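For reference, the structure discussed in these notes is given below.
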There are 2 protein chains.
Amino acid sequence: MKRNTWQREAVREALGTREGFVSAQSLHSALRDGGSSIGLATVYRALADLAVEGEADSLQQEGESLYRACTPGTHHHHLICRNCGLTVEIEADAVEQWARQVASEHGFTQPNHVVDVFGLCAECSALAG
Amino acid sequence: MKRNTWQREAVREALGTREGFVSAQSLHSALRDGGSSIGLATVYRALADLAVEGEADSLQQEGESLYRACTPGTHHHHLICRNCGLTVEIEADAVEQWARQVASEHGFTQPNHVVDVFGLCAECSALAG
DNA sequence: ACTCTATTGATAACGAATCTCATTACGGTT
DNA sequence: AACCGTAATGAGATTCGTTATCAATAGAGT
């Protein structure tokens with residue numbers, strides 16, 4: 001059966017304190033810097049589990065997986081700052097419907113979709129001039 | 001200045017014959033199997049160049065980059081079969097507008113977006129029963 | 001033909017992610 | 001509270017996609 005360990009809880013909590021997406025490696029470093037003795041493999045496993053259970057969202061960027069805590073149970077997408085990583089959850093029923101429609105129009109079944117918007121947040125836009 | 005080599009042309013052509021997204025490695029294998037002496041690093045470089053020039057689209061899946069020839073100059077997204085890789089280019093002005101609007105609503109500038117739909121194509125749906 | 005230099009390619013190096021396996025510790029039982 | 005089966009951990013090795021290195025090659029303008 002599934003067990004509750006302080007390691008999983010530490011990962012869940014560390015993820016919750018971040019504003020944007022984080023890599024497993026940087027989360028591991030942060031935990032270590034905070035005095036934890038958690039292992040890297042465990043962080044990878046915990047993040048993968050959280051993603052499966054719907055407590056975290058993940059995306060691939062530049063060849064690595066990034067994770068972020070999300071509000072469980074809701075399907076949503078992200079608006080992500082390219083510069084600072086600030087992330088906003090966005091919902092878009094119109095896009096969901098569009099995806100389903102496009103899929104069925106072409107005979108595709110069991111549609112999934114990846115929809116993420118990247119940009120510069122207000123703060124980073126100001127700094128970039 | 002930029003030079004035209006048979007290697008780049010070989011990659012461009014090999015990419016054009018494929019129906020769906022391919023990895024650099026598998027494209028390299030295919031070229032080698034076809035008698036070419038092209039090197040792996042060159043295939044990686046050629047694909048990266050094609051992507052920058054807008055002649056190829058790329059996406060990240062399971063930790064690797066996949067490429068596909070695309071109709072240059074047009075912005076479009078993809079409907080991709082999870083099973084066989086068959087890919088259909090789709091256009092969706094509504095989604096473009098939605099992305100821009102969501103970005104500006106939250107103060108984000110210079111919006112980009114990643115929009116891909118995955119599913120099972122008609123053929124693979126039939127086989128999966 | 002000559003020269004300059006972008007490109008190539010074999011291989012080494014890198015890095016993210018996974019695997020191995022002995023050790024640890026959760027949690028249900030007694 | 002001691003016991004036990006086994007899921008989970010973690011250090012290190014391993015895998016695998018990708019990039020860097022650098023001597024050799026070959027475009028393309030003169």
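As the structure is a prediction and not an experimental result, all values here were calculated from the model.
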Short side-chain N/O contact from B:Tyr44 to OP1 or OP2 of D:dT18, under 4.0 Å: yes
Nearest non-hydrogen partners of A:Leu120 and A:Arg82, listed with the distance: CD2-CB, 4.3 Å
Least distance between heavy atoms, A:Gln60 atom then B:Gly63 atom: OE1-N, 3.7 Å
NZ/NE/NH1/NH2 to OD/OE distance under 4.0 Å, A:Glu53 and A:Lys2: yes
Phosphate contact (C:dT7 OP1 or OP2) by B:Thr42 side-chain N/O below 4.0 Å: no
Phosphate OP1/OP2 of C:dT7 contacted by B:Gln7 side-chain N/O (<4.0 Å): no
Phosphate OP1/OP2 of D:dT9: any A:Thr5 side-chain N/O under 4.0 Å: yes
Shortest non-hydrogen contact between B:Gly54 and B:Cys70, atoms and distance: O-SG, 3.5 Å
Residues within residues 29-40 of chain A bordering DNA chain D, heavy-atom distance below 4.0 Å: A:Arg32, A:Ser37, A:Ile38, A:Gly39
The single option from A:Leu86, A:Leu66, A:Asp116 passing side-chain contact (heavy atoms from CB on, under 4.5 Å) against A:Phe21: A:Leu66
Most 5' of B:Tyr67 and B:Arg45 on DNA chain D, judged by nearest nucleotide: B:Tyr67
Distance, rounded to the nearest Å, where B:Met1 contributes CE and C:dT7 contributes C1': 12 Å
Residue whose nearest DNA chain C nucleotide is more 5′ - A:Ala41 or B:Arg8: B:Arg8
Length of the CG-P vector between B:Leu47 and C:dT8, whole Å: 12 Å
Any donor-acceptor N or O pair under 3.5 Å, side chains A:Thr71, A:Thr74: yes
Integer-rounded Å distance: C:dT18 P and A:Gln25 CD: 11 Å
Inter-end axis angle, the helix from C:dA1-D:dT30 to C:dT30-D:dA1, with every axis fitted to five base pairs (rounded, 10 degrees): 30°
Nucleotide C:dT8, atom C1' - distance to NE2 of B:His28 in whole Å: 12 Å
Side-chain donor-acceptor contact under 3.5 Å, A:His106 with A:Gln101: no
Ring geometry between A:His75 and A:His113 (parallel below 30°, tilted from 30 to 60°, perpendicular above 60°): perpendicular
Gap between atoms CZ and P, on B:Arg3 and C:dT8 respectively (whole Å): 10 Å
Which atom of A:Asp57 lies closest to which atom of A:His78, heavy atoms considered: OD2-CE1, 3.0 Å
Value in whole Å for how far the C1' atom of D:dA26 lies from NZ of B:Lys2: 16 Å
